[in-house]
Peer 1: 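Structure incoming, see below.
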2 protein chains.
Amino acid sequence: MATIRDVAKQAGVSVATVSRVINKLERVNPDTKQKVLDAIEKLNYKPNDVARSLYQRKSKMIALIVPDITNPYFPELARAVEDVANRSDYTFVLCNSDDSEQKERQYMQVLRQKQVDGFIVVTSTLAYEHIKDLNVPVVALDRIIDRKVPAVTVNNNDGAKTAVQHLLDIGCKRIAHISGPDDVDNAMQRKQGYLDVVSHYEWFEPGMVQNGDYHMDQSEQAMMKLLKAYPDIDGVFAGNDLMAVGALKALKKSGKKVPDEISVVGFDGISLGELTTPSITTVKQPIYKIGEQAARMLIDKINDPTTEQENVEYDVTFMERESTKRKEG
Amino acid sequence: MATIRDVAKQAGVSVATVSRVINKLERVNPDTKQKVLDAIEKLNYKPNDVARSLYQRKSKMIALIVPDITNPYFPELARAVEDVANRSDYTFVLCNSDDSEQKERQYMQVLRQKQVDGFIVVTSTLAYEHIKDLNVPVVALDRIIDRKVPAVTVNNNDGAKTAVQHLLDIGCKRIAHISGPDDVDNAMQRKQGYLDVVSHYEWFEPGMVQNGDYHMDQSEQAMMKLLKAYPDIDGVFAGNDLMAVGALKALKKSGKKVPDEISVVGFDGISLGELTTPSITTVKQPIYKIGEQAARMLIDKINDPTTEQENVEYDVTFMERESTKRKEG
DNA sequence: GCCTGTGATGTAACCGGTTACATGTAATAT
DNA sequence: ATATTACATGTAACCGGTTACATCACAGGC
């Protein structure tokens, strides 16, 4: 590999001049510049970014930490972040935390030693104390960490209320909820949205909320429990689409017809929800936009650390699909 | 940020001694060692990996280049690679190439300047010339680049033959194929497997192969064309599961009953295939294993560049699901 | 008492860039 | 003719690690 000193020698100039040519910051005599460019061409010189990073104390890398990229919500998010990173000449590092605080902290530690310039984090376990000493911009995504960490989220409460209200509108008389993990704020907000709408109904009982932990399998079991405890429920609001799919599986096994005997609504708007039979009515998040926004905010903050950033909350869109389309309206 | 010189000063030793303590390579007097450890503790010193990388000429990073992480085949693969990378103390960089040679080359160029230690690449456009000057280990995945680049793949031909044979076994009389892109070798192998089985049948016509480009939407259109041209086909082998889903959509719109009027088989074994109605019979690849193997091979090669590596081909597993389970066997 | 070997530690060069500061030259002002 | 200034370029320190080599103290052999 040719170094900047090789180029300097070849062009008969000093390394400073070569550096000036590659970085285009200061004026260089056109003739000299051409000599340098020729030398670069001839030696096929590519600057070593590690050396550059060392002096500049920045690496032009950002990292995204998600619980698990195989969860269908995250690939689209990752794609959005990577697209923005790439357009801004940042390298994109991906980490799977499995929702383990220990793994999250270790990733951040290790990457910080590699001078990663910023983090986008989807976490419900990390606290502000863990990130403040890292001395690096962090944007929270999908879940809020702390008032001091800017976050990009959606209006979960509104979305949940819309979903549950829709079930009522199409004639559901008893609506259950399969909730996400209690330690995830957006799961709590969705649950609260459900409660806001149904808690004053006479038929409502606390047991109509079952935890599905945002996973398909747990949700399938939760749905089974609900069917056993409340055989007459005719509507289910699942805290995310993955759990709606789990509910659908349980209902299929139990021989319940969706949507006519029981209607189902999910949350997120992952593409999987369009492909099931019946397709799943959902509250769609603008996932790609969220990722894009978070990445932009992060990069803005890296470029100018004095930027004060506010939380951004996106609105969700209700999407009616087959799982709530009853023949008798 | 404390540097190694700060630690040295604090502990009253030289930087070399501190370096010896952190790297545990040479003997250090226990008392001295303790002083250094205390200083590290006190200053909360973390070594700067960029400085280390500069001297060592390696970064402890590997990159995975995939066409698009939102394609459901890739998250599991990415997860596998990331898991291995993480266990081996490598940082994982993810790139989406959109199957563009230009993007692939640019990523590799940029990352090489960042001293990325190796690449795992899913590509059908990149050639050996493009990677040999990078002077860095590369493992090809899912698709073969060149005899000189070790690859991890599956036995596509066998899998395809098994799939088509199964359609014959359950009684299909005319079987069509929705193929992947012609420039992707595994797509060609799957098509060839189909042809190997059906081409000597009288009913076979070349028009029974339609290109679906490995995408759901194109496949839906391809299926529509097939139905129009050959209304009596009663079996479809799709080159991947995503296209099988597209075919299912088309069949649903056309009012064809799956599996009884027409049976469908896919390829890959992505989890989406279990969730459709009917669920999709498929030829399952050990996706996670493939990613793991590729990552291991890459890291082995990085650790010892003299390692000669052979291609690894995994066997596939036929998985019968609803889309081929006929009532009348 | 002198020589040699061993273990512990320090000094300084090195990795490959960037940039503050110095230097030199020519144009312009006085 | 001299001072001032702008421009072009070079020199060397710096970023924060690693490590070849030098140094030194001390033990053991003769």
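In the text below, chain A, chain B and the rest are named by the order of the sequence lines, each starting its count at 1. Side-chain atoms are counted along with the backbone in the values below, which use heavy atoms only and exclude waters and symmetry mates.
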Peer 1: Given Thr125(B), which of His130(B), Arg105(B), Glu104(B), Arg143(B) fulfils the side chain to side chain donor-acceptor pair (under 3.5 Å) condition?
Peer 2: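 By the side chain to side chain donor-acceptor pair (under 3.5 Å) criterion, Thr125(B) pairs with just one of His130(B), Arg105(B), Glu104(B), Arg143(B): Glu104(B).
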
Peer 1: Take a 6.0 Å sphere around NZ of Lys132(A) and say whether it holds more than 12 heavy atoms from other residues, nucleotides or ligands.
Peer 2: yes

Peer 1: Please state how far atom CD in Gln113(A) lies from atom P in dG17(D), giving the value in whole angstrom units.
Peer 2: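 Taking CD of Gln113(A) and P of dG17(D), I get 9 Å after rounding.
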
Peer 1: If you assign Val28(A) and Val15(A) each to the DNA chain D nucleotide with the nearest heavy atom, which residue ends up on the more 5' nucleotide?
Peer 2: Val28(A)

Peer 1: Give the rounded distance in Å between these two atoms: OH of Tyr55(B) and P of dA12(C).
Peer 2: 17 Å

Peer 1: So, Ser100(A) and Asp98(A): side-chain donor and acceptor under 3.5 Å apart, yes or no?
Peer 2: no

Peer 1: State whether Ser53(B) places a side-chain N or O below 4.0 Å from either non-bridging phosphate oxygen (OP1 or OP2) of dC15(C).
Peer 2: no

Peer 1: Contact list please: residues 29-45 of chain B against DNA chain D, heavy atoms, distance less than 4.0 Å, in numerical order.
Peer 2: Tyr45(B)

Peer 1: For Gln115(B) and dG17(D), what is the distance between atoms CD and C1' respectively, to the nearest whole Å?
Peer 2: 14 Å

Peer 1: Is the phosphate of dT18(C) approached by Asn23(A) (side-chain N or O, under 4.0 Å from OP1 or OP2)?
Peer 2: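 Yes, Asn23(A) has a side-chain N/O under 4.0 Å of OP1/OP2 on dT18(C).
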
Peer 1: Mark yes or no for a side-chain to base donor-acceptor pair under 3.5 Å between Arg57(A) and dG16(D), with no hydrogen or angle criteria applied.
Peer 2: no

Peer 1: Looking at Arg79(A) and Asp83(A), does any basic side-chain N land under 4.0 Å from a carboxylate oxygen?
Peer 2: yes

Peer 1: Rounded to whole Å, how long is the line connecting atom CZ of Arg20(B) with atom P of dA20(D)?
Peer 2: 10 Å

Peer 1: Determine the contact category for Ser19(A): base if any of its heavy atoms lies under 4.0 Å from a base atom, sugar-phosphate if only primed atoms, P, OP1 or OP2 are that close, otherwise nothing.
Peer 2: base

Peer 1: What's the closest nucleotide to the Arg5(B) side chain, out of dT9(D), dG17(D), dG17(C)?
Peer 2: dG17(D)

Peer 1: Looking only at the side chain of Ala16(B) (C-beta and beyond, no hydrogens), which of the listed nucleotides dG10(D), dT19(D), dG17(D) gets closest?
Peer 2: dT19(D)

Peer 1: 5'-most contact on DNA chain C: Gly12(B) or Lys46(A), nearest heavy atom basis?
Peer 2: Gly12(B)

Peer 1: Look at the side-chain N and O atoms of Gln56(A) and state whether any lies under 4.0 Å from the OP1 or OP2 oxygen of dT19(C).
Peer 2: yes

Peer 1: State, with a plain yes or no, whether a side-chain heavy atom of Ser53(A) is found less than 4.5 Å away from one of Lys60(A).
Peer 2: no

Peer 1: Strictly below 4.0 Å: does Ser14(B) bring a side-chain N or O up to OP1 or OP2 of dG10(C)?
Peer 2: yes

Peer 1: With a cut-off of less than 4.0 Å, is there a side-chain N or O of Arg52(B) near OP1 or OP2 of dC15(C)?
Peer 2: no

Peer 1: Of all the nucleotides listed (dT18(C), dG16(D), dT18(D)), which has the minimum atom distance to the side chain of Leu54(B)?
Peer 2: dG16(D)

Peer 1: Do Gln285(A) and Tyr73(A) have side-chain atoms, one donor and one acceptor, less than 3.5 Å apart?
Peer 2: yes

Peer 1: Could you please name the option among dC14(D), dG10(C), dT18(D) that lies closest to any side-chain atom of Ile22(B)?
Peer 2: dT18(D)

Peer 1: Which whole-number value in Å describes the distance from Asp6(A) CG to dC15(C) P?
Peer 2: 10 Å

Peer 1: Is Lys103(A) atom NZ crowded by more than 12 heavy atoms from other residues, nucleotides or ligands, each under 6.0 Å away?
Peer 2: yes

Peer 1: Side chains of Tyr214(A) and Asp268(A): do they bring a donor and an acceptor to under 3.5 Å?
Peer 2: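 No, because no side-chain N or O of Tyr214(A) sits under 3.5 Å from a partner of the opposite role on Asp268(A).
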
Peer 1: Report yes if a side-chain nitrogen or oxygen of Arg27(B) is closer than 4.0 Å to either non-bridging phosphate oxygen (OP1 or OP2) of dA8(C); otherwise report no.
Peer 2: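 For Arg27(B), the contact criterion (side-chain N or O under 4.0 Å from OP1 or OP2 of dA8(C)) is met.
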
Peer 1: Mind calculating the distance between CG (Asn48(A)) and P (dC14(C)) to the nearest angstrom?
Peer 2: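 To the nearest whole Å, that distance equals 17 Å.
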
Peer 1: Please state how far atom CG in Asp49(B) lies from atom C1' in dT18(D), giving the value in whole angstrom units.
Peer 2: 13 Å

